[in-house]
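Keep in mind that what you see is a predicted model, and the values were worked out from it rather than measured.
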Amino acid sequence: MAGSGPDDPGPWGRGPRRQGDAPTHPPARGERTPARDQRSPWGGARTQERGERPAPRREGPPPAAAAVDEPAAPAAPRGGRGGELRLHGFNAVQAVFARRPDAIRKVYLNQSRIPHLQPLLKWCVAHRVGYRVVTDEELGKLAASAHHEGVVADVLRAQPLPLAGWLPTLPPGPQCLLWLDGVGNPHNFGAILRSAAHFGAAAVLLPETSTLTLSGAAARVAEGGAEALPLVRLGPVGESMEQLRAAGFRLAATVVRDGSPLFATPAPQRLVYVLGAEGEGMDAGLAGACDLRVSIPGTGAVESLNVAAATAVLLAHWAARPA
């Protein structure tokens, strides 16, 4: 911030910036003085910040610090492949805290969530990570969603891993992977991640040119599943297929028609389900290059299941295979 020295904790109480920390908000436009009106960017008196400095040992969250004349938060990117990600939803935030606490940069919460988030808030104080108690209206604007569940967090985005580097780390034995060919809807993506975590899939594979990335909406729908398995970036299609087959996998194209009935087709122990886009389906060349083609049988009353529902059925079939 302009006018801040290297040891200035700043308005978020984080202390000296650690090497590699992402910027938390834009530089201030000149010096700030206590005489300025302490107003929220949304109108009304600014809510008090918390977590400014470690407090004496005591039960419960630390006392509030004085308000600071800074915007409550910059607009956080919700897309892209790098930088920070703004999460919302109780389980989504808790999952990051459980698995990647060092990725947390800021936390915003409703007063009613303080009792449920005591471990996270105490960790924030101990590690000089800022948090702020705000209103539901402010949370809705921060999350760009009414479905924030009382908490929003800015976290560092986990980057996809390259297939060539990740595949050798995969343990032997039964494994299921999901290859997403053109899936783009964030709610479908979140539901796929939730099912993948529930049934124990090892990873989600993203094509080399895919722009699909985790968003706050997808993470909320995933209910913590986004932190349970990695995203893996594929290389060229032919090369990636060869690498997967060399690791013992068979690839199954999931098609609406003209595939083997799923429930009559034994599921290989090491299997990659290749799933097409929500509208146009799977690329015909990709489907033809797979080892299997499977379809989910139904009554015919509707043409097919959507990609998220189909994924749950496919994973359940794989999980139910004979040991």
Same apolar cluster: [X] and [Y], side chain cutoff 4.5 Å:
X	Y	value
L292	L262	no
V221	L214	no
V255	V307	no
F263	L305	yes
I114	V125	yes

| query | Which residues pass the side chain to side chain contact (heavy atoms under 4.5 Å, CB included) test with F97, sequence neighbours left out? | reply |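 Scan of F97 (side chain to side chain contact (heavy atoms under 4.5 Å, CB included), adjacent residues dropped) gives Q94, P101, I104, P119, L120, W123.
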If I compare all heavy atoms of [X] with all of [Y], which pair ends up nearest, and what's the gap?
X	Y	answer
A191	A308	CB-CB, 3.6 Å
L193	A222	CB-CB, 3.9 Å
V155	L87	CG2-CD1, 3.8 Å

| task | With sequence neighbours excluded, give me every salt bridge (charged side-chain N to carboxylate O under 4.0 Å, His left out) pair touching residues 215-230. | result |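 Listed by first then second residue: R100-E227.
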| message | Using a 4.5 Å cut-off between side-chain heavy atoms of Ile, Leu, Val, Met, Phe, Trp and Tyr, which other residues end up in the same hydrophobic cluster as L244? | response |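 In the cluster with L244 are L161, L163, W166, L167, L170, L177, W179, L205, V232, L234, V237, M241, F249, L251, V272, V274, M282, L286.
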| field | Stepwise salt bridge (charged side-chain N to carboxylate O under 4.0 Å, His left out) test for E149 and R113 | value | CA-CA 9 Å; E149 300 173 5; R113 277 301 189 185; 5.1 Å; no
